[in-house]
Structure formats: structure tokens, C-alpha cells
Amino acid sequence: MTLAKRKAPKKREISSAALLAWYDRHKRKLPWRAENGVRPDPYHVWLSEIMLQQTTVKAVGPYYARFLDRWPTVADLAAVRLEEVLKLWAGLGYYARARNLHACARVIVEEHAGIFPESEAKLLKLPGIGAYTAAAVAAIAFDHKATPVDGNIERVVSRLFAIEEPLPASKPLIRERAATLTPDQRAGDFAQAMMDLGATICTPKKPACALCPWSEPCIARERGDQETFPRKTAKAEGKLRRGAAFVVMREDGALLARTRPDKGLLAGMTEVPTTDWAHDFDIHDASAHAPIEAKWHRVAGAVNHVFTHFPLELIVYRTQAPKTVRAPKGMRWIAMQEIDGEAFPNVMRKVIAHAMS
DNA sequence: TAATCGTGGAA
DNA sequence: TTTCCAAGATT
């Protein structure tokens, strides 16, 4: 390629320089981003990337600030108990991320002397770090030439090349095309530029193509059906599950609770006692699962919650217990002032709020 | 490969 | 109101 050609790329070429120029003007200001030309702290990059998995920037903001405030370094995070991490993560969802975050911090400290490895391959071996996050940290924190592919980039690339094959089957092809676009220099900025483009211009609905630095070479744009990309195969929706939850309020305001198993849904999180959540739940044998003998009051209405793969409806029973009542085996009392900071997932906070209504 | 795994906000 | 989906990883 001649020098002249490099300086003045054809408009129909997908030029990384054009995107980087756009990024330099329009990039979002985010808490985990360092100032121009400054390498961000790998710990900050990693923490933000884990939190941002399947989670909006807006939702992550306050959690990121609280984590960094409480645990300024990866060593600080590694030093605390998992329970403390789950408490601070409560409400953010996908709790396996918190467990893996903590496990990863310990591996970094114990096996890497507290220093994040720089290569994509080494990062990939760490708990909770998959193909996307390994590439993202390598590129953003260390400026290695790596190509993370998230939902934004899948959408951008699908439109640029008008990829007809539906997701997720098209992932390998998209990854291949994305890698082709990645420049040797500023790979981290390029990755973030792709994501910013997807988040602010190349949006799922009503993309602002008029403002896009890649409008000219975009094949879908040329065809006019850009909004139909990426193609996707329909996924089956989950069936409703039902159950009953039991809220026992002690006279002093303490709440009866237990810890969920360390695997599966809401693993390791705190919950009030409940029946199983089943498709064939029968309200008539709910009381048989009550944690203590008491005069139970059925709270009117129900709590509805939607998980990724199924909707849930919980009816709620409430009772008051005297101070003398002991917690049944496997359960414990949580003092009233501890409830807010406890590792209750949001579905449980809904149950508790409903019981108080 | 296909399920599993949370939540809340935007359209 | 319903639908979609947001910087995915794990099994």
C-alpha cells in the first residue's frame, strides 16, 4: 500500500482511522476510562468489564463506585470473604459473576503476585473471564492487539457486512470480520470506539446512520435494511413457575432467612424460606412448607418477577414471632438494621417489601 | 450445542 | 403493556 493511499483511504473502505477520529471527538466519559493517552488501571478495567457483562452502563455506575471505594485494589478484594462480595453485588444480577470475581482476585494475588497478566491467553484462563473479557482487558488495559466482540460489535459488524446468517451461529464469522478491522495501534481505543458506536449511533432501533463515520462503506445501510441486523434465531420463552414465600418478622424486627445453595439460580444469595418454584405449584400445600408453627397471614396479591429464562409468581405468607423463637436448622435471624446490606437478590427484596405492605 | 444465569430501562 | 435487550461466562 502506498503512503498516499494510506493518507487518503477510499470512502468505501472500512477505515479504523475514521472510527478512531470519531471516537476522539465523541467518546463517552465513563468512570473506568482513563484520560487521553493514559493507561487505565487493569483492576479498574477488569472490574468494569465483569460488571458490564449483560448489564447496562447506568446500572453498573453506582456498583462500580462502591466496589472501588470499598476495595481499592485487587488485593483488597481478594482479602475479604465471598459473603462480603455478594452483599455488595446484591441487586446487580448474574451472581456467578461475583463469585468468579472474587475467585479471580484470589488467583491474581496468589498465582500472579497481585499483577494482572497482560496476554489474552493468560487472561482467558482466569475465573469469569471468557473470550470477550480476555480480549477487552488485553486491548483496553494493555493496548494489545485483541478484538473483543460484544453485542454492540456484533451489531455493528453484522450491518457493515450485511451478514445474513443469524446469531449465534454467525459469531465465528463476525469475530473474523471484526479482527480484520482491528488496527495494529490503539487496539484498546478501537474496541471501545466500536462499542461506543454501537451504543450511541449504531443502535438496535433507529440507528443514526447520518452521524456514523462508517455510513459510506456500510452494506446494510446501502441496502436500507440496517435495522434488521443482526439476524437472530428465535429463542423459546420460559414457562411460568409459582411458589410461596414465608416472611417471619420477629418482635424486634429481625427477619428469618437462609442461604441458597452455592450452585444454580441465585447461588449463595440470601433468601426468606420458600417452597420450590414449580410449574405445577399448588397453593393448597403451601402451608405444609412453612418454616415454623405459627398463625400465618396470606398477604393479598403476589410478587411477580422475571428471570432470564422464566417468569416467577410468588404468593407471600407473613407472621410475627416472639423473641424466644429459635431459627430452624439451616436458617438464621437477620437483624433489622442488617437487612439492607444483606445479600438479598431483588426478587427477595420484592417479597419482603410486599410482606410489609 | 443449548441451557442456565438477573435485572431494570427503553421503545 | 409487551418486547427487547445490556461491554457474556459456564457447563
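First the proteins, then the strands, lettered A, B, ... as listed; each starts at 1. Note that the coordinates shown come from a computational prediction; the quantities given were computed from them, not determined experimentally.
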Over 60° means perpendicular and under 30° means parallel, so tell me whether [X] and [Y] are parallel, tilted or perpendicular.
X       : Y       : result
W89(A)  : F67(A)  : perpendicular
W46(A)  : F116(A) : tilted
F307(A) : H305(A) : perpendicular
W22(A)  : H26(A)  : tilted

Have a look at [X] and say if it touches a base, only the backbone sugar-phosphate, or nothing, with a 4.0 Å heavy-atom cut-off.
X       : answer
K232(A) : sugar-phosphate
R99(A)  : nothing
W32(A)  : base
A131(A) : sugar-phosphate
P127(A) : sugar-phosphate
I129(A) : sugar-phosphate
S48(A)  : nothing
P204(A) : sugar-phosphate

May I ask you to establish whether [X] and [Y] are in a cation-pi arrangement, using a distance under 6.0 Å from NZ or CZ to the six-membered ring centre and at most 45° from the ring axis?
X       : Y       : result
R159(A) : F161(A) : no
R66(A)  : Y63(A)  : yes
R250(A) : W333(A) : yes

Problem set entry | Q185(A), CD: over 12 other non-hydrogen atoms inside 6.0 angstrom | no
Sticking with atom [atom1], work out how far [N] lies from [M], rounded to a whole angstrom.
N      : M       : atom1 : value
dC5(C) : dG6(B)  : C1'   : 13 Å
dA7(C) : dA11(B) : P     : 14 Å
dG8(B) : dT1(C)  : C1'   : 16 Å

Exercise. With distance as the sole criterion, is a donor-acceptor pair present between the side chains of Y132(A) and Q53(A) under 3.5 Å?
Worked result: no
Exercise. When you check every protein heavy atom under 4.0 Å of nucleotides 3-11 of chain B, what one-letter string (B, S, -) results, 5' to 3'?
Worked result: -SBBBS-S-
For this session: Check every nucleotide of DNA chain C for an atom under 4.0 Å from a heavy-atom of chain A, then give the first and the last such nucleotide from 5' to 3'.
Result: dC5(C) to dT10(C)
Seminar exercise, completed: Between L124(A) and I140(A), whichever has its closest DNA chain C nucleotide further toward 5' is I140(A)
